[in-house]
Amino acid sequence: MDFQGDACTKTEAKKGAKTKKQKRMNECKDVEAETSVQADSVEEEAAFPPNFSVSEIKNKQRRHFMFMKLKQEKRKRKLELKKKRKKEREALGDKAPPKEVPKTIENQRIYDETTVNPEDEEVAFDEGTDEFSSYFNRLTNPKVLITTSDRPRGRTVRFCEQLSTAVPDSHVYYRRGLALKRVIPQCISRGFTFLIVINEDRKVPNGMVLCHLPNGPTAHFKVSSVRLRKEMKRRGKDPTEHSPEVILNNFTTRLGHSIGRMFAALFPHDPQFIGRQVATFHNQRDFIFFRFHRYIFKNEKKVGIQELGPRFTLKLRSLQKGTFDSKYGEYEWVHKVSLWALHARILQCLI
């Protein structure tokens, strides 16, 4: 066998690979030089032709550079227009035209017929006679029990513990195979006014059952976007034992009014402003965002805010009369499910 010939072919192959690498490196250097020259020309022109399309550029590096340059030019034009309008408004003074309102999803939304006026006599009568009137009249103090699904995992356990620090006078109990029908009578006998059940799927919290005791109602929510304290940036110190203030935003419909009162009844009606803690339930596009903050007044105009956590999002699935009853419960409202989602749920039950 000719070992010398094989060695020569190997060395020739290595030389060929090296030459290919050198060619690629030279091509990259040429592209960088072209883009730098093009950048200088673009800066001199400071504008692009009207029919210019970035997608027509075949070179990836040059295309990315031109795209970033286009974005920069648009940003500059926007800032120039903003400064120009500001100067015009200052020059006109009181005669300046009103500011243009930008189009958003909220202001383009169709008006909901179920929106109620809080000063309506019927609404005031319902508030005075519903299940939560005793909390707002300071006759009943809330006492909350937080429990989980059977055998919860670490993330759900930590979420329940942090939720108990946000809701005052709340206690965490981990049930092991005990049915809710047996838990509810024990809660009533021990003076609890609310029962919160956190469900999980694949080690992640995905559901919440909020049951008012002893006579209901019961709300079932889907839980998403859960972020614990360690996962949040620039968070403040752990919350104190002070009773927080409660802010309810956009609970304007008849259904939203009852859900908002249920959330407000979880907290004592007399907040302690010394702790400067705020629990916010913000309803936007039928999603309820929960945030827990601490604030401090720096001066007459500026306020400093620290998020304490946890943070999560709720979506109402159903509202049931009375306490939790999965078989014979009477529902006031149920979220409409599409046929595709309904078939998926049925298949999941059958598997």
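Residue numbers run from 1 in the order of the sequence given. Any value given below was found using the heavy atoms of this structure, including those in side chains, with hydrogens, waters and symmetry copies removed.
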Do Phe251 and Phe281 pass the ring-ring contact (aromatic ring centres under 6.0 Å, His included) test, and can you show the C-alpha distance, the side-chain angles, and the key distance before you say yes or no? CA-CA 9 Å; Phe251 291 91; Phe281 294 91; 7.3 Å; no
Apply side-chain contact (heavy atoms from CB on, under 4.5 Å) to the pair Asp238 and Arg235, showing each step before the final yes or no. CA-CA 9 Å; Asp238 292 344; Arg235 65 179 180 89; 4.0 Å; yes
Ile184 and Phe324: CA distance, side-chain angles, deciding distance, side-chain contact (heavy atoms from CB on, under 4.5 Å) verdict: CA-CA 8 Å; Ile184 290 171; Phe324 178 79; 4.0 Å; yes
Please evaluate residues Asp325 and Lys181 with respect to the criterion side-chain contact (heavy atoms from CB on, under 4.5 Å), reporting the C-alpha separation (whole Å), side-chain torsions for both, the decisive distance (0.1 Å), and the verdict. CA-CA 8 Å; Asp325 191 352; Lys181 290 184 179 180; 3.9 Å; yes
Steps toward side-chain contact (heavy atoms from CB on, under 4.5 Å) verdict (Phe221, Arg317): CA-CA 5 Å; Phe221 300 94; Arg317 289 302 184 191; over 6 Å; no
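Within 6.0 Å of atom OH in Tyr331, more than 12 heavy atoms from other residues, nucleotides or ligands are found, so the atom counts as buried in its surroundings. Within 6.0 Å of OH in Tyr295 there are more than 12 heavy atoms belonging to other residues, nucleotides or ligands. Within a 6.0 Å sphere centred on CZ of Arg63, heavy atoms belonging to other residues, nucleotides or ligands number more than 12.
The aromatic rings of Phe292 and Phe290 sit parallel, their planes meeting at an angle under 30°, below the 60° perpendicular limit.
The ring pair (Phe, Tyr, Trp, His ring centres under 6.0 Å) test applied to Phe192 returns His171, not counting sequence neighbours. Under the side-chain hydrogen bond (donor to acceptor under 3.5 Å, both in side chains) criterion, Glu161 pairs with Tyr174, sequence neighbours left out. Applying the salt bridge (Lys or Arg N to Asp or Glu O under 4.0 Å) test to Glu307 and every residue at least two apart in sequence or in another chain returns Arg311. Taking the salt bridge (Lys or Arg N to Asp or Glu O under 4.0 Å) definition, one finds that Glu121 meets it with nothing, sequence neighbours left out. Considering only residues two or more places apart in sequence or on other chains, Glu231 meets the salt bridge (Lys or Arg N to Asp or Glu O under 4.0 Å) condition with Arg155.
Counting only heavy atoms from C-beta outward, the side chains of Phe267 and Ser243 never approach each other to under 4.5 Å. Residues Gln320 and Pro217 fail the side-chain proximity criterion, which asks for heavy atoms closer than 4.5 Å. Taking the side chain as every heavy atom from C-beta outward, Ser164 and Val172 approach each other to under 4.5 Å. Side-chain contact check for Lys315 versus His335: some heavy-atom pair is nearer than 4.5 Å. Looking at Leu213 and Thr193, their side chains never come closer than 4.5 Å, going by heavy atoms from C-beta outward.
Between Lys321 and Glu332 there is no salt bridge, since no side-chain nitrogen of the basic residue lies less than 4.0 Å from a carboxylate oxygen of the acidic one.
Residues Leu316 and Ala219 share a closest heavy-atom pair of CD1-CB, 4.1 Å. In this structure, Cys187 and Leu195 approach most closely via the heavy-atom pair SG-CD1, 4.2 Å. Contact between Thr323 and Pro214 at its shortest, heavy atoms only, is CG2-O, 3.4 Å. Closest approach of Lys301 and Asn299 over heavy atoms only: N-OD1, 2.9 Å.
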Would you be so kind as to tabulate the donor-acceptor pairs closer than 3.5 Å made by side chains of residues 140-149, with sequence neighbours excluded?
| unit_1 | atom_1 | unit_2 | atom_2 | d |
| --- | --- | --- | --- | --- |
| Thr140 | OG1 | Ser134 | OG | 3.2 |
| Lys143 | NZ | Arg190 | O | 3.4 |
| Thr147 | OG1 | Tyr173 | O | 2.8 |

Using atom types as modelled, flag every donor-acceptor pair under 3.5 Å from a side chain in residues 202-211 to any protein atom, sequence neighbours excluded.
| unit_1 | atom_1 | unit_2 | atom_2 | d |
| --- | --- | --- | --- | --- |
| Asn206 | OD1 | Glu200 | N | 3.4 |

Name each donor-acceptor pair under 3.5 Å that joins a side chain in residues 80-101 to protein atoms two or more places apart or in another chain, with its distance.
| unit_1 | atom_1 | unit_2 | atom_2 | d |
| --- | --- | --- | --- | --- |
| Arg89 | NH1 | Pro97 | O | 2.5 |

N/O donor to acceptor pairs below 3.5 angstrom from side-chain atoms of residues 253-265, sequence neighbours left out:
| unit_1 | atom_1 | unit_2 | atom_2 | d |
| --- | --- | --- | --- | --- |
| Thr253 | OG1 | Gly256 | N | 3.0 |
| Arg254 | NH1 | Asp126 | OD2 | 2.8 |
| His257 | NE2 | Glu127 | OE2 | 2.5 |
| Ser258 | OG | Leu255 | O | 2.7 |
| Arg261 | NE | Asp130 | OD2 | 2.7 |
| Arg261 | NH2 | Glu127 | O | 3.1 |
| Arg261 | NH2 | Asp130 | OD1 | 3.2 |
| Arg261 | NH2 | Asp130 | OD2 | 3.4 |

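Checked by atom type and distance alone, the side chain of Gln162 pairs as donor or acceptor with a backbone atom of Arg229 at under 3.5 Å. Asn250 contributes a side-chain N or O that, together with a main-chain N or O of Asn283, makes up a donor-acceptor pair within less than 3.5 Å. Listed for the Thr129 side chain is a donor-acceptor partner under 3.5 Å among the backbone atoms of Phe125. Between the side chain of Asp120 and the main chain of Val123, no donor-acceptor pair closer than 3.5 Å is present.
Between the CZ atom in Phe289 and the OG1 atom in Thr280 there is a gap of 13.0 Å [rounded to 0.5 Å]. Annotation: the span from Thr313 atom OG1 to Ile288 atom CD1 amounts to 10.0 Å, rounded to 0.5 Å. Once rounded to the nearest 0.5 Å, the distance linking SG of Cys160 with CD1 of Ile198 reads 5.0 Å. Of the inter-residue distances, the one linking His64 atom NE2 with Asn59 atom CG reads 12.0 Å to the nearest 0.5 angstrom. Atom CE of Met66 is separated from atom CG of Leu70 by 6.5 Å, given to the nearest 0.5 angstrom. Here OG of Ser170 is found 9.5 Å from CG of Leu266. Values are rounded to the nearest 0.5 Å.
Sorted by first and then second residue, the pairs that involve residues 279-296 and meet salt bridge (charged side-chain N to carboxylate O under 4.0 Å, His left out), not counting sequence neighbours, are Glu106-Arg285, Arg109-Asp286. Screening residues 209-228 for side-chain hydrogen bond (donor to acceptor under 3.5 Å, both in side chains), with sequence neighbours left out, gives Tyr135-His212. Here salt bridge (charged side-chain N to carboxylate O under 4.0 Å, His left out) pairs that include residues 263-276, with residues two or more places apart or in two chains, are Arg138-Asp270.
In the model, Thr156 has no side-chain atom that pairs as donor or acceptor with a side-chain atom of Arg151 under 3.5 Å. In this structure, a donor-acceptor pair under 3.5 Å is present between the side chains of Thr240 and His242.
Follow the hydrophobic side-chain contacts under 4.5 Å out from Val167 and you reach Val226 in the same cluster. Put simply, Val278 and Ile274 are part of two different groups of oily side chains (I, L, V, M, F, W, Y) that touch within less than 4.5 Å, one to the next. Side-chain heavy atoms closer than 4.5 Å link hydrophobic residues (I, L, V, M, F, W, Y) into clusters, and following such links, even through other members, never connects Val197 to Leu319. Hydrophobic cluster membership is shared by Val303 and Ile247, with clusters built from Ile, Leu, Val, Met, Phe, Trp and Tyr side chains linked at under 4.5 angstrom. Tracing side-chain contacts under 4.5 Å through hydrophobic residues (I, L, V, M, F, W, Y), one reaches Leu314 starting from Leu228; they form part of the same cluster.
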